[in-house]
Enquirer: 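Before we start, here is the structure in question, set down as structure tokens.
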Amino acid sequence: MRLHACAQALVERFDGAVPADVDELLSLPGVGDYTARAVACFAFGHDAEVVDINVRRVLARAVGGESDAAAPSAKRDLAAVRAVLDTVPAPRRPRLSAALMELGALVCNARSPRCEECPIEHECAWLAAGAPSDTVAPRKVQKYEGTDRQARGRLLDVLRGSDGAVPRASLDLAWQRDPAQRDRALDSLLMDGLVEQTDDGLFALAGEA
Ligand code: SF4
């Protein structure tokens with residue numbers, strides 16, 4: 001399991017303590033960009049940009065005047081969050097990060113934003129523009145054949161069809177057209193918590209390892 005590998009890395013490289021630095025957090029097995037920034041910000045009070053779909057939607061509306069967030073772009077999204085964080089003194093930035101996430105989750109909903117209850121109602125660019133609908137171009141739908149989604153599906157099919165954990169070789173056979181894509185698909189399944197790796201290196205559906 002990634003959790004086990006992460007715990008081992010913490011003991012071996014960080015004397016059993018969770019690091020506070022984003023780059024050090026990113027060096028841990030199973031820790032991605034969002035998690036690293038969230039831990040640095042919320043657990044250690046660091047001035048780190050935390051970007052999730054809720055934050056992107058709030059900024060797209062309140063700052064950008066758009067009806068919704070555009071497709072993710074790490075560089076653009078981090079810069080947008082940084083610009084907002086820098087409007088307050090550094091010690092207040094972790095709380096502002098938490099507030100943006102909560103606002104997006106509870107008030108600035110994807111389908112029906114509750115603008116009349118919103119604390120930034122009078123500063124919101126989208127509301128000031130008359131709340132125009134569908135200002136963001138619909139995302140292109142990726143064809144299924146040959147996509148990462150199909151690769152993920154093939155790997156899951158192997159795990160669903162087996163009685164227990166399987167070796168890596170079984171997964172390799174399920175998607176031979178592009179090893180790098182297969183690795184990416186497996187990694188994303190592990191990151192999403194849909195697949196687990198056992199201590200002896202086998203793979204299984206989450207909860208069945
Ligand atoms: S005023 Fe409405 S659209 Fe603007 S940030 Fe608040 S909830 Fe979202």
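Residues: numbered from 1 along the sequence shown. Whatever order the structure lists them in is the order used to number ligands and atoms, beginning at 1. Being a predicted model, the structure only gives us computed values, none of them experimental.
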Enquirer: Within the 4.0 Å heavy-atom shell around Cys118, which atoms of ligand 1 are there?
Expert: 1 (S), 5 (S), 6 (Fe), 7 (S)
Enquirer: What protein heavy atom is closest to atom 8 (Fe) of ligand 1, reported as residue, atom name and distance in Å?
Expert: Cys108 SG, 2.4 Å
Enquirer: Would you check whether Leu127 reaches within less than 4.0 Å of ligand 1, judged by its heavy atoms?
Expert: yes
Enquirer: State whether a side-chain donor-acceptor pair under 3.5 Å links Ser27 with Arg13.
Expert: yes
Enquirer: OG/Ser162 to CZ/Phe203 distance, rounded to the nearest 0.5 angstrom?
Expert: 12.5 Å
Enquirer: Is atom 4 (Fe) of ligand 1 less than 2.8 Å from at least one N/O/S atom of Cys124?
Expert: yes
Enquirer: Is any side-chain N of the basic residue among Arg56 and Asp52 closer than 4.0 Å to the acidic one's carboxylate O?
Expert: no
Enquirer: Among all protein non-hydrogen atoms, which one is nearest to atom 3 (S) of ligand 1, and what is the separation to 0.1 Å?
Expert: Trp126 CE3, 3.4 Å
Enquirer: Scan Leu59, Asn54, Ile120 and name whichever one has a side chain to side chain contact (heavy atoms under 4.5 Å, CB included) with Leu100.
Expert: Leu59
Enquirer: Could you give the distance from CZ (Arg168) to CG (Leu171), rounded to the nearest 0.5 Å?
Expert: 7.0 Å
Enquirer: Looking at non-hydrogen atoms alone, which of Ala125, Cys115, Pro119 comes nearest to atom 2 (Fe) of ligand 1?
Expert: Cys115
